[in-house]
2 protein chains.
Amino acid sequence: MTAGKTTLRLDDFLPYRLSVASNRVSSAIATAYQALFGLRIAEWRLIAVIAEGQGMTQQALGAATRMDKVTVSRAAIALVDRGLVARQPNAQDQRSHLLSLTAAGQDLYESVAPKALELEARIFGGFSPKELAAFRAVLDRLEASAAALDPE
Amino acid sequence: MTAGKTTLRLDDFLPYRLSVASNRVSSAIATAYQALFGLRIAEWRLIAVIAEGQGMTQQALGAATRMDKVTVSRAAIALVDRGLVARQPNAQDQRSHLLSLTAAGQDLYESVAPKALELEARIFGGFSPKELAAFRAVLDRLEASAAALDPE
DNA sequence: CTCAACTGGTAACAGATGAAACTAGGTACG
DNA sequence: CGTACCTAGTTTCATCTGTTACCAGTTGAG
């Protein structure tokens, strides 16, 4: 057998498949959130995380949501403007503030969360729990190995 | 048990996990291609598809790569400018042209492809063929079910 | 103390992206 | 064959995203 060029079928290339699938899913979710609640993804993520642990700094929120601090800042400003999130001064550190949900934010969260789970079910339904667990495990390890390559 | 609010842990929310993992992978790949070959993802995708089937229209390339026609147009222009791709007039339809790799484009492809596969192996290595096949299968079905929800 | 280095958050800028308008060419039907 | 509609590709524009610069506040070494 002679040298032989490497051939690569794009449709078989996993990073490509992953990207396409993820973009489709993100876009479907983004459309739904926007239409239902006027929230962008970043805003929704903040709400979800703040609901779990009130009184976080933006710093902490960025780490929890894997979002850039600029993205977090913008989303936080938007949420405060809409009266969904409140900022309290942080006694420990005057540069930062602690974010928590207002009553309205809490209400919104309580109507968004079920919808989110429903959407997830709609998209990821039709898979067995085992399949999903395996999928999740692959995602976890991928995240780690990709981050190792690109220590952004 | 009383009504009980729905709780949602962001880290357990699959669309979120998928998005984070995919972004990490895409970013690692984009960085590598840019550094090694000065190619952006869209350009690399076009090269890969043209290499498989010379003489395609941009229309066809868009379908094959799931990219917007604007994205395809820009990537095509960049590749032509760099002398990697050539446009031949399409006798059947004067509005479009047929794209093929120049000798330089072919050379580049032949050095990019192995690198791409190596990167893929680096990121997706450590999984068994079975795991990868299952993962791929989930991606396929996801793509379909998300597209159905968001008929963009 | 105080000065240098550092960190949380915002603002300003720049590149990327996609929708919509536009141009040139194609198709259908009288 | 002419006119109304359709499509390939490009350009324009408005938006989004992230990098960099910036300001205010914090920390630590001397």
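Chain A is the first sequence line, chain B the second, and so forth, proteins listed ahead of strands; every chain is numbered from 1. Only this structure's heavy atoms are used, side chains among them; waters, hydrogens and symmetry mates stay out.
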- Task: Check the angle between the aromatic planes of A:Phe135 and A:Phe124 and answer parallel, tilted or perpendicular using the 30° and 60° thresholds.
- Result: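 Tilted: the ring planes of A:Phe135 and A:Phe124 meet at 30° to 60°.
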
- A:Leu61 and A:Met56: which non-hydrogen atoms are nearest, and at how many Å?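 Nearest heavy atoms, A:Leu61 then A:Met56: CD2-SD, 3.7 Å.
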
- Query: Below 3.5 Å, does any donor atom in the side chain of A:Arg95 face an acceptor in the base of D:dT26, or the other way round?
  - Reply: no

- side-chain contact (heavy atoms from CB on, under 4.5 Å) assessment of B:Leu98 paired with B:Arg87: CA-CA 5 Å; B:Leu98 304 178; B:Arg87 287 176 156 159; over 6 Å; no

Quickly work out the [X] [atom1] to [N] [atom2] distance and round it to whole Å.
X	N	atom1	atom2	value
A:Asp68	C:dA16	CG	C1'	15 Å
A:Gln88	C:dG9	CD	P	14 Å
A:Asn90	C:dG9	CG	P	9 Å
B:Met67	C:dT17	CE	C1'	12 Å
B:His97	D:dT7	NE2	P	18 Å
A:Ile77	C:dG9	CD1	C1'	9 Å
A:Glu43	D:dC16	CD	C1'	13 Å
B:Gln92	C:dA24	CD	P	23 Å

Short side-chain N/O contact to [N] OP1/OP2 from [X], under 4.0 Å:
X	N	answer
B:Ser96	C:dG25	no
B:Ser73	D:dG9	no
A:Arg87	C:dG8	no

Give the nucleotide from the list [options] with an atom nearest to the side chain of [X].
X	options	answer
A:Gln94	D:dG18, D:dG25, C:dA19	D:dG25
A:Gln58	D:dT10, C:dG18, C:dG9	C:dG9
A:Lys69	C:dG8, D:dT10, C:dA11	C:dG8

- Message: What contact category does B:Arg40 fall into here, base, sugar-phosphate, or nothing, at under 4.0 angstrom with non-hydrogen atoms?
- Response: sugar-phosphate

- Message: Applying a 4.0 Å non-hydrogen cut-off, can you work out what B:Asp93 is touching in the nucleic acid: base, sugar-phosphate, or nothing?
- Response: sugar-phosphate

- By nearest-heavy-atom nucleotide on DNA chain D, the more 5' of B:Gln59 and B:Arg74 is B:Gln59

- Interatomic spacing from OG1 in A:Thr102 to CG in A:Leu99 - rounded to 0.5 Å: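 The OG1 atom of A:Thr102 sits 11.5 Å away from the CG atom of A:Leu99.
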
- Determine whether the side chains of B:Arg66 and A:Ser19 contain a donor N or O and an acceptor N or O closer than 3.5 Å.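 Not at all, the side chains of B:Arg66 and A:Ser19 share no donor-acceptor pair under 3.5 Å.
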
